[in-house]
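Below, chains carry the letters A, B, ... as their sequence lines are ordered, and counting in each starts from 1.
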Amino acid sequence: MPIPIAPHSWHRNREGLGIWEGRGKVVATGVGTSPTARRWDEKPETSLGALTILAIRRAIEDAGISPDEIDGIVLTPESTTGVSNDPNSPAPEGWSDVFKMVDYPQAGITRGDIDWLLLNMPELKNVQFKMNGPVCMSVAFTTAAEAVSRGLTGTCLVVRGWHNLAGRYYVGQGAAARDTASGPGKYGGIWGMPACATTAMIFEEYCNKYGKNHDMMAPFVVEERRNGLMNPDGFFTQHRPEMITVDDYLSGRWIAKPANIYDNDLPIQAALAVIFTTPELAKHHKQKPVYILNHAQTRPELQGAIPTLAEWERSSDKMGRMLYEGAGIGPEDLSFENMYDGFTLFHQFHVEGLRFASRGEKRGYALDLYQTDISIEGPNPVSPSGGNNGNGRTRWWHHRDSILQIQGRSPSQITRPAEYGVSGAHMPNFCDALIWGASVE
Amino acid sequence: MRKQSPVPTEFDQPFYDACNEERLVIQHCPACNRFQFPPRTMCPRCGASNLTWQQVSGRGRIQSRVVVYDSPVSALIPDQPFNVATIALEEEPDVIMLSHLPGVPVDAVPIGATVEVIFETTPATGQKVPEWRVVG
Ligand SMILES: [Zn+2]
């Protein structure tokens, strides 16, 4: 049976909804992270599926619970934004000696699959709630928050893994190598923009409007790498433990000017699992419960070939207002922000939509904020996780770190008390975000 | 530049046929009185499917630009680095089209300048696509 996604009625996508009905009913506890790799070496034991199983087992162990207690899974099936195998291509030789197979031959290789996980994790014998959170783990998190708050699952895994195959991620692959273009890509894709170029285009518009420039991004990008290098689970800590400097950033090669190589996150293999449960059930979990105070969604209005600055500002402003309304807090209550950063050049749209560390400014202030102390030791910790830029492309380091910060055990723990935080992904006009809190008071 | 040739479908044929006649025709939602591009089966704002095809003036304004140094599209790699600009249509500035701005040197894109549509023939099939030139 196909696995459903959240019904539209679960979305909190408009203002005026009041305090979230689920506020105080859902917490996060255990967190499990797999090792990282730059690319898959085609061995079953290092596959997306194997990493996902490892992350789940670590999350259960981290929470100090029994696998029997897991009665729900919400998973993001997409495991790349780049190149995948043909959906029907067979599993590599030796695969079926290690893993049981479902009908879908790429399950566990280039796509996450709940039924494949259950088949290969016999210890998860009480899962009755299964739902997909498509495209982004942020969707899986907000879906799981609704599912637990509605009593559909008591102890729920939230899961996403990433694969990265050999070869260049996009360049000259598949459709990009042909002399004709079909599908939705034909309307804009034939102009040859790399993935970061939409963001770079709107960043350029932002700089023109507010009198900013690309060099002003350097302190943010450098600080993110510093934060990422504190994380023993991050890709750069594990494989390239080198700090970058402002000069490195300013001399980085252009991909789509004004986006350079450091504005692009590095595709990797990795998996994360997090345990969502109720405050009551969390009482016997080993880790401090972190409350989900609200969640919200924005989706594109899709009027042009790419969005405009105006749409990104409208949409991220709305996200800020919706999140605070449902959580019952304001921007001044945030101890940190962990909004998405892959690409670095759109992080400031999220920051400004939330009015994070605003001193009355509405728009055009974030790059000035980057010139102040945005470190984990300072008064306004910006992206303390280090994000994709500091850890590799997953779209979940920032969520993971929000939980760890409030539990007081982040590897890049902020100095000020971590009471409330926010994380969300991915685009400023296509985002699922959550407010996390140490309590519901 | 050697763009890929877009392959029309039954659904977006009116747009591509008009391009071959050197007319810019895009969708309009009567309920919202709103234009949109690319073509879609429904209006993303109100969900209406009774969208009409309407010819627009073919004038616009350069809104922003990037310079592409690392394109995924194989056919365009020999032309790197090249401009891509966003064109906001005169009728409705939130409707954005893309342009290589033929003839404009890299790093010399005049933001805010007025442009008008021209049509470029793509080599693989001869299908024409909209392009833009600076007029002031
Ligand atoms: Zn409409």
Peer 1: Give the minimum heavy-atom separation between A177(A) and S74(B), together with the two atoms involved.
Peer 2: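 Between these two residues, the closest heavy atoms are CA-OG, 3.4 Å.
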Peer 1: Side-chain contact, heavy-atom cut-off 4.5 Å: V66(B) with P258(A)?
Peer 2: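 Yes, at least one pair of side-chain atoms sits under 4.5 Å.
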Peer 1: At a heavy-atom separation under 4.5 Å, does F82(B) approach chain A through its side chain, its backbone, both, or neither?
Peer 2: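 F82(B) touches chain A through side-chain heavy atoms alone.
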Peer 1: Output yes when D179(A) and K3(B) qualify as a salt bridge under the 4.0 Å nitrogen-oxygen rule, no when they do not.
Peer 2: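 A salt bridge is absent here (no side-chain N lies under 4.0 Å from a carboxylate O).
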Peer 1: Closest heavy-atom contact between A124(B) and T180(A)?
Peer 2: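 It is CB-CG2, 4.1 Å.
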Peer 1: Quick one about Y187(A) and D12(B) (side-chain donor to acceptor, distance below 3.5 Å, no hydrogens or angles considered), yes or no?
Peer 2: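 Looking only at side-chain atoms, Y187(A) and D12(B) do form a donor-acceptor pair, the distance falling under 3.5 Å.
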Peer 1: Test side chain to side chain contact (heavy atoms under 4.5 Å, CB included) on V68(B) and K257(A); report intermediate values, then the result.
Peer 2: CA-CA 6 Å; V68(B) 174; K257(A) 190 181 179 179; over 6 Å; no
Peer 1: In terms of heavy-atom pairs under 4.5 Å with chain A, which of L98(B), D79(B), T122(B) leads?
Peer 2: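 Most heavy-atom pairs within the cutoff with chain A belong to L98(B).
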Peer 1: Less than 4.5 Å apart, side chain to side chain, heavy atoms only: is that true for Q303(A) and V95(B)?
Peer 2: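 Answer yes - side chains close enough.
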Peer 1: Using heavy-atom distances under 4.5 Å, tell me whether L76(B) contacts chain A through its side chain, its backbone, both, or neither.
Peer 2: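 The side chain, not the backbone.
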Peer 1: Would you find more than 12 non-hydrogen atoms of other residues, nucleotides or ligands less than 6.0 Å from R178(A) atom CZ?
Peer 2: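 No, CZ of R178(A) has 12 or fewer neighbouring heavy atoms, counting only those of other groups under 6.0 Å.
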Peer 1: When you measure from the side chain of S64(B) to the backbone N and O of M201(A), does any donor-acceptor pair fall under 3.5 Å?
Peer 2: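 Side chain of S64(B) to backbone of M201(A): a pair is present.
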Peer 1: CZ of R14(A): more than 12 outside heavy atoms within 6.0 angstrom?
Peer 2: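 Atom CZ in R14(A) is not packed in, count stays at 12 or less.
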Peer 1: Does anything in residues 105-116 of chain B reach chain A? List residues with heavy atoms under 4.5 Å apart, or say none.
Peer 2: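 Under the 4.5 Å heavy-atom cut-off, D107(B), I111(B) qualify.
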Peer 1: Quick one, Q63(B) and T308(A) - any side-chain contact, counting heavy atoms below 4.5 Å?
Peer 2: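 The answer is yes, as the side chains (C-beta and beyond) meet within the 4.5 Å cut-off.
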Peer 1: Please look at A88(B) and chain A and tell me whether the side chain, the backbone, both or neither of the residue comes under 4.5 angstrom of a heavy atom of that chain.
Peer 2: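 The answer is neither part of A88(B).
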Peer 1: Which heavy atom of V73(B) sits nearest to which heavy atom of G189(A), and what is that distance?
Peer 2: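 Closest pair (atom of V73(B), atom of G189(A), distance): CG2-O, 3.6 Å.
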Peer 1: Check residues 190-200 of chain A and write down every donor-acceptor pair under 3.5 Å in which the side-chain atom is one partner and the other belongs to a residue at least two apart or another chain.
Peer 2:
unit_1	atom_1	unit_2	atom_2	d
W191(A)	NE1	E131(B)	OE2	2.8

Peer 1: At a heavy-atom separation under 4.5 Å, does T9(B) approach chain A through its side chain, its backbone, both, or neither?
Peer 2: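 It is both, since atoms from each part get that close.
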Peer 1: Can you find a heavy atom in the side chain of Y16(B) that is under 4.5 Å from one in the side chain of K186(A)?
Peer 2: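 Yes. Closest side-chain heavy atoms under 4.5 Å.
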Peer 1: If we define contacts as heavy-atom pairs under 4.5 Å, which of S99(B), P130(B), P123(B) has the most with chain A?
Peer 2: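 Max contact count across the listed options: S99(B).
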Peer 1: What residues of residues 204-216 of chain A sit under 4.5 Å from chain B when you count only heavy atoms?
Peer 2: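 Heavy-atom contacts from residues 204-216 of chain A to chain B are E204(A), E205(A), N208(A).
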Peer 1: Which one of Q36(B), M97(B), R34(B) has the most heavy-atom pairs closer than 4.5 Å to chain A?
Peer 2: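 Counting heavy-atom pairs under 4.5 Å, the top option is R34(B).
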Peer 1: Using non-hydrogen atoms only, which part of P8(B) is less than 4.5 Å away from chain A: side chain, backbone, both, or neither?
Peer 2: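 Backbone only.
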Peer 1: In terms of heavy-atom proximity below 4.5 Å to chain A, should T125(B) be classed as side chain, backbone, both, or neither?
Peer 2: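 Only the side chain of T125(B) comes within 4.5 Å of chain A.
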Peer 1: When rounded to the nearest 0.5 angstrom, what distance separates CZ in R45(B) from CD in E301(A)?
Peer 2: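 Going from the CZ atom of R45(B) to the CD atom of E301(A) covers 6.0 Å.
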Peer 1: First locate atom CD1 of I306(A), then atom CD1 of I96(B), and finally report the distance between them rounded to the nearest 0.5 Å.
Peer 2: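 Going from the CD1 atom of I306(A) to the CD1 atom of I96(B) covers 6.5 Å.
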Peer 1: Quick check: under 4.5 Å, non-hydrogen atoms only, which of residues 19-28 of chain B neighbour chain A?
Peer 2: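 From residues 19-28 of chain B, none sit under 4.5 Å of chain A.
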Peer 1: Does any heavy atom of chain A fall under 4.5 Å from the side chain of R2(B), the backbone, both, or neither of them?
Peer 2: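 R2(B) has no heavy atom closer than 4.5 Å to chain A.
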